[in-house]
Number of protein chains: 2
Amino acid sequence: MLYYNTHYPAAIIMTLNDLPNQKHNHKQCVSNALAMAEQVCLERGVQLTPIRYQVLELIWESHKAVKAYELLDRIKPLQMAAKPPTIYRALEFLSEQGFIHRVESLNAFIGCRCSNAPHEQLLLICKNCQEVEERTAPKVMQALSEEFNDAEFIVHSKAIEIHGLCSQCAASVATDLSD
Amino acid sequence: MLYYNTHYPAAIIMTLNDLPNQKHNHKQCVSNALAMAEQVCLERGVQLTPIRYQVLELIWESHKAVKAYELLDRIKPLQMAAKPPTIYRALEFLSEQGFIHRVESLNAFIGCRCSNAPHEQLLLICKNCQEVEERTAPKVMQALSEEFNDAEFIVHSKAIEIHGLCSQCAASVATDLSD
DNA sequence: AATTGAATGTTATACTATAACACTCACTAT
DNA sequence: ATAGTGAGTGTTATAGTATAACATTCAATT
């Protein structure tokens with residue numbers, strides 16, 4: 001099964017990776033993600049149906065991890081018939097295609113910022129603002145493969161989830177404490 | 001809060017870390033874990049009550065991750081009144097004390113093999129036999145701290161869960177395929 | 001026109017986890 | 001001694017997460 005494609009222009013890749021920047025143009029960020037998903041689905045011959053598109057759009061409303069039942073509530077105005085399987089099927093599709101990631105430690109989902117290329121993600125989860133930042137963390141991945149280079153364990157998938165405080169929240173928590 | 005203690009004899013530490021060895025003396029392995037938990041609770045002045053002890057014992061029955069409701073079923077012969085909160089409270093206690101780990105990606109629990117010292121674990125989860133191996137993976141942890149050495153993110157806790165095949169299962173799957 | 005397969009609709013239920021309040025009992029401060 | 005306190009547990013109820021199973025729709029194929 002071909003899940004990834006590496007033929008996107010560098011400009012799009014850079015845009016998708018700019019989260020840590022000061023001024024985050026979220027509208028642009030979302031429309032890039034949606035456009036890329038459409039494009040990738042075309043190339044893979046899979047269907048980005050209205051429900052799937054809407055779920056992806058809802059997930060991208062913010063960079064916070066979002067729960068399945070939150071998505072269900074939010075999609076109901078658009079899809080009156082929506083029930084849990086509606087959401088879970090869309091999530092399964094989006095996840096298989098690499099457009100979203102499941103955050104295991106939160107039972108929640110986030111949009112993938114680099115779905116145009118194969119990657120193994122590391123998630124930074126802020127306990128304060130709930131935003132999740134995705135990193136490729138090549139050094140960590142390198143260390144991981146060294147850990148298993150003697151065929152003791154055949155890796156299929158990884159979930160690396162770090163909980164803590166993002167820099168903004170760390171700063172504001174410090175401020176709160178000094179009050 | 002003091003969760004860990006480093007005053008155990010080296011012999012016990014070595015025993016607790018011997019999982020990858022060929023001949024695994026599981027009885028010994030379990031009794032070490034239980035003895036250590038008792039000892040640690042004494043030192044910390046916390047109570048390893050019968051329920052907590054039994055839950056820990058049940059978790060240690062194997063190195064497979066075990067679900068809360070499985071534990072509930074298994075403890076009922078011993079504790080007729082057991083209900084979900086019975087188990088979840090025990091799990092919370094054991095987890096706070098570092099005697100068990102929650103496997104986020106499975107909603108399940110395993111006994112901690114190194115609860116006698118502070119550590120950050122990496123879990124190797126075999127999809128075939130469901131056994132979970134815990135490693136300290138110092139290189140990976142080192143790479144992780146390098147990843148955050150510029151205070152971009154303040155780490156509180158980590159969940160590193162690798163899914164795949166353990167060496168035994170990889171071998172037997174290969175055999176199955178050649179049939 | 002019949003067949004197929006993917007997607008969705010629909011009903012029901014399984015699985016995971018916690019809130020809230022009651023009860024017991026050992027400990028201790030008066 | 002005794003009233004108060006707090007940790008642990010009992011108990012009821014419910015919240016939250018996820019999937020099984022079968023029905024229906026509809027476009028594409030034969």
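Chain naming here is simple, since letters A, B, ... match the order of the sequence lines and numbering starts at 1 in each.
Summarising the geometry, the separation between CZ on B:Arg52 and P on D:dA7 is reported as 11 Å, rounded to the nearest angstrom. Rounded to whole angstrom, the span from the CE atom of A:Met80 across to the P atom of C:dT10 amounts to 12 Å. Separating the CD atom of A:Gln47 from the P atom of C:dT8 is a distance of 8 Å, rounded to the nearest angstrom. Between the CD atom of B:Glu92 and the C1' atom of D:dA7 there is a distance of 13 Å, given to the nearest Å. Between A:Glu104 atom CD and D:dA18 atom C1' the separation is 13 Å, expressed in whole Å. C:dA6 atom P lies 17 Å from atom CD1 of A:Ile51, rounded to whole Å. Rounded to an integer number of Å, the gap from A:Lys83 NZ to C:dA7 C1' is 15 Å. Atom CZ of A:Phe93 and atom P of C:dA7 are 7 Å apart (whole Å).
Of all heavy-atom pairs spanning B:Glu38 and B:Leu48, the tightest one is CG-CD2, 3.7 Å.
Ring geometry for A:Tyr88 versus A:Tyr69: interplanar angle over 60°, hence perpendicular rather than tilted (30 to 60°). By the 30° and 60° cut-offs, the orientation of the rings of B:His24 relative to B:His26 is tilted. Taking the six-membered ring for Trp and thresholds of 30 and 60 degrees, A:Phe93 and A:Phe99 have ring planes more than 60 degrees apart, a perpendicular arrangement.
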Check step by step if salt bridge (charged side-chain N to carboxylate O under 4.0 Å, His left out) holds for A:Arg135 and B:Glu152. CA-CA 12 Å; A:Arg135 296 210 188 169; B:Glu152 296 163 277; 3.1 Å; yes
Taking protein heavy atoms under 4.0 Å as touching, what does nucleotides 12-23 of chain C look like 5' to 3' if B marks base contact, S marks sugar-phosphate-only contact and - marks none? ----BBBBB---
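One finds no side-chain N or O of A:Thr49 lying less than 4.0 angstrom from the OP1 or OP2 phosphate oxygen of C:dA6.
Counting only heavy atoms from C-beta outward, the side chains of A:Leu71 and A:Leu91 approach each other to under 4.5 Å.
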